Amino acid sequence: MSERKPVGKIMIDEDQIRAKAAEIGKLISDKYQGEEIILVGILKGAVMWMAELLKHIDNEQCTIDFMSCSSYGSSTKTSGVVKINKDLDADIQGKHVIIVEDIVDSGVTLTYLKKYLANRGPKSIEICALLDKPCGRKTDLVADYFGFEVGDQFIIGFGLDYAQKYRQLPYISYLEDDDEEATAE
Ligand code: IMP
Ligand code: MG
């Protein structure tokens, strides 16, 4: 069992996240007016961001689905290999797919998922991440929409976990000390 670690200060509060979801939701709504879109949330980290964003998608043809994947290994650094734990229920052929993710760190997960889903004939694929951590990048992946940029810290809250804990925090924070074991899911 992992030890409890000190939670840092509030970096991004609920009001800021809500405002950002409204802003990005409008961009997506305007861009895909009258088109069929499917938001694909990546479990479990994206649950809160997905729910918040979804409230601001003004499109009667919008549907949602979820996938679960994990990078092998169990450290606060991403290992580089991606495993699909739960695939989509929906058919994405001919639809505009928007992958909704909590954070882009190395970019390995999303680079893999984008290729994986592109094989199913979607009309387009975009990425919408709550957070972007550019200092962790190991690929050339760029999120089409992202809420906030973060630095070289282990982020928790608003869906993001450390060893499956802290997801319920209604704000974005960080671990004071992040060099111990954790899951990166
Ligand atoms: P990737 O390194 O971009 O492939 O990110 C893989 C996954 O690692 C993300 O979807 C997150 O779930 C997790 N992750 C990366 N950085 C953090 C962090 O700072 N806090 C919590 N989870 C993280
Ligand atoms: Mg994730």
Side-chain angles (χ1 to χ4, degrees), residues 2-13 16-17 20-21 24 39-53 64-88 97-118 125-185:
S2 62
E3 239 173 75
R4 237 186 124 74
K5 298 210 166 209
V7 174
K9 297 189 181 71
I10 296 179
M11 284 170 70
I12 305 162
D13 69 24
Q16 289 173 280
I17 298 171
K20 191 60 82 175
I24 296 176
L39 302 191
V40 173
I42 308 304
L43 296 171
K44 310 177 182 92
V47 279
M48 284 211 205
W49 174 233
M50 174 83 159
E52 201 54 59
L53 181 69
I64 66 169
D65 203 346
F66 293 92
M67 285 182 82
S68 170
C69 60
S70 47
S71 44
Y72 286 101
S74 60
S75 82
T76 50
K77 302 279 174 212
T78 303
S79 66
V81 188
V82 177
K83 177 177 163 232
I84 306 286
N85 301 316
K86 184 219 169 285
D87 209 325
L88 293 176
V97 173
I98 297 168
I99 302 177
V100 180
E101 176 63 304
D102 51 2
I103 186 168
V104 185
D105 182 11
S106 69
V108 168
T109 309
L110 286 171
T111 300
Y112 180 85
L113 282 183
K114 242 184 132 169
K115 274 197 205 132
Y116 184 77
L117 295 180
I125 304 183
E126 285 195 314
I127 290 169
C128 176
L130 171 59
L131 303 173
D132 187 19
K133 197 195 272 189
C135 61
R137 207 67 102 249
K138 292 182 189 150
T139 61
D140 57 5
L141 189 108
V142 178
D144 301 278
Y145 315 90
F146 72 88
F148 306 92
E149 194 172 301
V150 294
D152 188 17
Q153 282 171 304
F154 196 79
I155 307 297
I156 49 169
F158 214 80
L160 289 97
D161 74 304
Y162 168 72
Q164 301 299 332
K165 307 276 167 51
Y166 307 112
R167 293 192 196 275
Q168 76 274 28
L169 297 178
Y171 51 82
I172 295 292
S173 184
Y174 55 92
L175 288 180
E176 293 281 12
D177 161 24
D178 74 351
D179 41 29
E180 297 274 313
E181 292 285 291
T183 56
E185 184 183 334

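Counting starts at 1 for both ligands and their atoms, in listed order. Every value quoted in this text rests on a predicted model; they were computed, and no experiment measured them.
Among the candidates Ile172, Asp132, Leu130, Val150, the single residue satisfying the side chain to side chain contact (heavy atoms under 4.5 Å, CB included) test with Ile103 is Val150. Each of Ile99, Val100, Ile42, Leu113 was evaluated against Ile127; a single residue qualifies, Ile99, per the side chain to side chain contact (heavy atoms under 4.5 Å, CB included) test.
Within the 4.0 Å heavy-atom criterion, the part of Leu160 lying near ligand 1 is the side chain and not the backbone. Residue-level proximity to ligand 1 for Glu101 is carried by the side chain, the only part with a heavy atom below 4.0 angstrom.
When each atom of ligand 1 is checked for a heavy atom of Lys133 under 4.0 Å away, the hits are 16 (N), 18 (C), 19 (O). For ligand 1, the atoms sitting less than 4.0 Å from at least one non-hydrogen atom of Thr109 are 1 (P), 4 (O), 5 (O), 6 (C), numbered in the order shown with element in parentheses. Counting atoms of ligand 1 from 1 in the listed order, those under 4.0 Å from a heavy atom of Ser106 are 1 (P), 2 (O), 3 (O), 4 (O). Short contacts between ligand 1 and Gln153, defined as distances under 4.0 Å to a heavy atom of the residue, involve ligand atoms 19 (O).
Considering backbone and side-chain N/O of Val104, none are found under 3.5 Å from N/O of ligand 1. When only interatomic distances are considered, the shortest N/O to N/O separation between Asp161 and ligand 1 does not fall below 3.5 Å. Between Gly107 and ligand 1, at least one pair of N/O atoms sits closer than 3.5 Å.
Side-chain N or O atoms of Ser106 include none that pairs as donor or acceptor with a backbone N or O of Gly136 at under 3.5 Å. Side-chain atoms of Arg137 come within 3.5 Å of backbone atoms of Asp105 as a donor-acceptor pair (strictly under, hydrogens ignored). When atom types are taken as modelled, the side chain of Lys133 and the backbone of Gln153 share a donor-acceptor pair closer than 3.5 angstrom.
For Asp87, the salt bridge (charged side-chain N to carboxylate O under 4.0 Å, His left out) test picks out Arg120, with sequence neighbours left out. Legend: residues meeting side-chain contact (heavy atoms from CB on, under 4.5 Å) with Phe66, ordered by chain and number and at least two apart, are Leu43, Met50, Ile64.
For the ligand labelled ligand 1, residue Arg137 lies outside the 4.0 Å heavy-atom shell.
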